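Note on naming: letters A, B, ... go to the chains in the order of the sequence lines (proteins, then strands), and numbering restarts at 1 for each one. Every value quoted in this text rests on a predicted model; they were computed, and no experiment measured them.
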Amino acid sequence: MLRFFLFFLLIQAVLFGVELLGPVQTGFVLPWTGLLAKFSADLVQFFDANVTAYSNVIQSTTNGFGVAIQPGCNGVEASIILIAAILAFPAPWRPKLAGLAIGIVAVQAVNVLRIVSLFYLGQWNMQWFEFAHLYLWQALIMLDVLVVWLLWVRYLARKGLIRMPHAA
Amino acid sequence: MRLSLVGFFLLKAIAWFLACLVVWYQLGSLVTLPVSLLAKATVASVFPGWAEGVEKAGTTLVLLTNLEVTGVAGVPAGQVAVLSPEVGFMKYGYGLPLLIALLLASNARGWIAKAALGAVALLPFQVWGVSFDWLKQVAIDTGAAPFSPAARELIAFGYQFGYLVLPTLVPVMLWVAMDRRFLSAFVLEATLEGETENPNNKGGSTGGHG
């Protein structure tokens with residue numbers, strides 16, 4: 001357990017440091033954030049035509065309300081935590097790679113739900129928007145990461161790919 | 001279809017988190033107190049040259065400094081102001097309701113003692129978040145205190161890590177460390193399911209992992 005924790009923290013700190021580098025921000029994080037805004041707006045337009053997206057902003061064309069997707073809201077940090085948790089866990093590489101691919105998609109899917117829900121919540125009530133944005137969704141995204149990781153561990157256990165851990 | 005242990009755990013965790021979050025939010029000023037005391041001791045010892053203390057106003061923590069600033073937002077042109085950066089504690093503190101929710105969702109034995117221990121264990125990380133937020137304002141937003149470019153990079157990293165990662169990650173790590181019984185039961189259940197579905201798995205747990 002200690003070995004897993006140490007590897008997990010190390011991988012995570014390195015990936016988080018890499019994420020903050022200028023070239024990574026301009027080459028990946030900012031374009032990804034713009035794509036996320038565009039995808040969220042496209043999704044919303046299925047049931048609400050009065051929505052547009054530019055740069056990292058989703059905006060209502062009826063009341064002008066918009067949300068800008070900032071660092072911390074683009075799911076990159078949550079994905080980094082999941083990547084570190086999967087890489088640090090003792091398992092064969094093939095299920096690790098599968099877990100990373102499926103897990104990151106699952107984290108990003110919940111993040112899109114978060115963006116869309118905050119976009120409408122903000123148009124309804126800014127106090128609830130702040131509450132959900134600062135506390136509620138932050139924790140829910142982490143719960144999402146935890147559950148994805150647990151489901152991956154469950155898969156490993158069902159396939160007989162991990163040993164039984166010792167209870168505390 | 002039977003709800004799996006993970007699904008049941010997730011639903012309970014969300015329900016408990018919502019309940020604990022509301023209670024914690026109502027107790028905002030009270031839960032800010034330990035952090036303000038620890039932060040006061042921390043900044044006074046780490047930056048004795050310019051940090052003079054910490055004031056608490058509800059859930060807002062104000063760092064008192066002797067740093068003078070000019071030409072920043074809120075200061076009229078030609079005038080000098082003393083910098084007192086403010087930080088809202090709550091955005092660094094919601095790990096406590098998350099930890100309690102996880103303990104309750106996993107039916108952790110002795111969850112009250114574990115929650116109390118967890119609350120203490122969370123404090124240094126909350127102080128990290130608040131302190132780096134102050135430092136960001138002092139070193140990067142206003143440039144009021146002289147820090148080298150490398151120190152500014154470290155402050156930016158510490159701030160981002162303290163804001164984006166630690167508040168949610170630390171409670172989950174504490175929960176995993178404090179309730180390993182849940183993880184063991186969870187892996188055991190999955191292993192048994194796997195053996196029932198595919199008897200060839202029996203005894204197939206292994207070494208040689210990457």
Asks: Tell me if the CD atom of A:Gln45 is crowded by more than 12 foreign heavy atoms within 6.0 Å.
Replies: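 For A:Gln45, atom CD is crowded (more than 12 foreign heavy atoms under 6.0 Å).
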Asks: Determine the minimum heavy-atom distance between B:Val187 and A:Ala157, stating which atoms define it.
Replies: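 Residues B:Val187 and A:Ala157, closest heavy atoms: O-CB, 3.7 Å.
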Asks: Using a 4.5 Å heavy-atom cutoff, which residues in residues 18-26 of chain B come close to chain A?
Replies: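 Within residues 18-26 of chain B, near chain A: B:Leu18, B:Leu21, B:Trp24, B:Tyr25.
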Asks: Counting only non-hydrogen atoms closer than 4.5 Å, does B:Phe186 touch chain A with its backbone (N, CA, C, O), its side chain (CB onward), both, or neither?
Replies: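 It is the side chain, since no backbone atom gets that close.
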Asks: For B:Phe17, is it the side chain, the backbone, both or neither that has a heavy atom under 4.5 Å from a heavy atom of chain A?
Replies: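 Interface part for B:Phe17: side chain.
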Asks: Just so I understand: if I count every heavy-atom pair under 4.5 Å between each of A:Glu77, A:Glu19, A:Gln138 and chain B, which residue has the most?
Replies: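 Sorted descending by pairs with chain B, the first entry is A:Gln138.
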Asks: Please give me the minimum heavy-atom distance between B:Tyr94 and A:Leu134, naming the atom from each residue.
Replies: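 Smallest interatomic distance, heavy atoms only, reads CE2-O, 3.5 Å.
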Asks: Answer yes or no: are there more than 12 heavy-atom neighbours, outside A:Lys38 itself, under 6.0 Å from its atom NZ?
Replies: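 Incorrect, the count does not exceed 12.
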Asks: How far apart are the C-alpha atoms of A:Leu150 and B:Leu183, what are their side-chain angles, what is the distance that settles it, and do they pass the side chain to side chain contact (heavy atoms under 4.5 Å, CB included) test?
Replies: CA-CA 9 Å; A:Leu150 285 173; B:Leu183 211 55; 3.6 Å; yes
Asks: Under a 4.5 Å heavy-atom cut-off, does chain A meet the side chain of B:Leu169, its backbone, both or neither?
Replies: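 Looking at B:Leu169, backbone and side chain both touch chain A.
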Asks: Around atom CZ of A:Phe65, are there more than 12 heavy atoms from other residues, nucleotides or ligands closer than 6.0 Å?
Replies: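 Counting other residues, nucleotides and ligands, CZ of A:Phe65 exceeds 12 neighbours.
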Asks: Can you confirm whether more than 12 heavy atoms, excluding those of A:Phe46, are under 6.0 Å from its CZ atom?
Replies: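 Open.
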Asks: Take atom CZ in B:Phe147; do more than 12 heavy atoms of anything else shown fall under 6.0 Å from it?
Replies: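 Enclosed: over 12 neighbouring heavy atoms sit under 6.0 Å from CZ of B:Phe147.
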Asks: Looking at B:Trp16, I'd like to know if its CH2 atom is crowded, meaning that more than 12 non-hydrogen atoms belonging to other residues, nucleotides or ligands lie closer than 6.0 Å.
Replies: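 Not buried by this count: 12 neighbours or fewer within 6.0 Å.
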Asks: Testing the basics here: between B:Met173 and A:Phe8, what is the closest heavy-atom pair and its distance to 0.1 Å?
Replies: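 Heavy atoms only, the tightest pair is SD-CE2, 3.7 Å.
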Asks: State the CZ-CG distance between A:Arg158 and B:Leu192, to the nearest 0.5 angstrom.
Replies: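 So the CZ of A:Arg158 and the CG of B:Leu192 are separated by 11.0 Å.
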Asks: Which is it for A:Arg154 and B:Leu5 under the side chain to side chain contact (heavy atoms under 4.5 Å, CB included) test, yes or no, and what are the steps along the way?
Replies: CA-CA 10 Å; A:Arg154 179 170 170 246; B:Leu5 188 60; over 6 Å; no
Asks: Is A:Leu9 in contact with chain B via its backbone, its side chain, both, or neither, using a 4.5 Å heavy-atom distance?
Replies: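 A:Leu9 touches chain B through side-chain heavy atoms alone.
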Asks: For A:Tyr155, I'd like to know if atom OH has over 12 heavy atoms of other residues, nucleotides or ligands within 6.0 Å.
Replies: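 Counting neighbours around OH of A:Tyr155, 12 or fewer heavy atoms of other residues, nucleotides or ligands fall under 6.0 Å, so no.
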Asks: Hey, mind stepping through A:Phe5 and B:Val176 against side chain to side chain contact (heavy atoms under 4.5 Å, CB included) and telling me if it holds?
Replies: CA-CA 10 Å; A:Phe5 268 138; B:Val176 171; 4.0 Å; yes
Asks: Any chance you could lay out the side chain to side chain contact (heavy atoms under 4.5 Å, CB included) test for B:Phe9 and A:Leu146, step after step, and finish with the verdict?
Replies: CA-CA 11 Å; B:Phe9 167 75; A:Leu146 175 64; 4.0 Å; yes
Asks: Of all of B:Leu98, B:Val172, B:Val165, which one pairs up most often with chain A through heavy atoms under 4.5 Å apart?
Replies: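 The answer is B:Val165.
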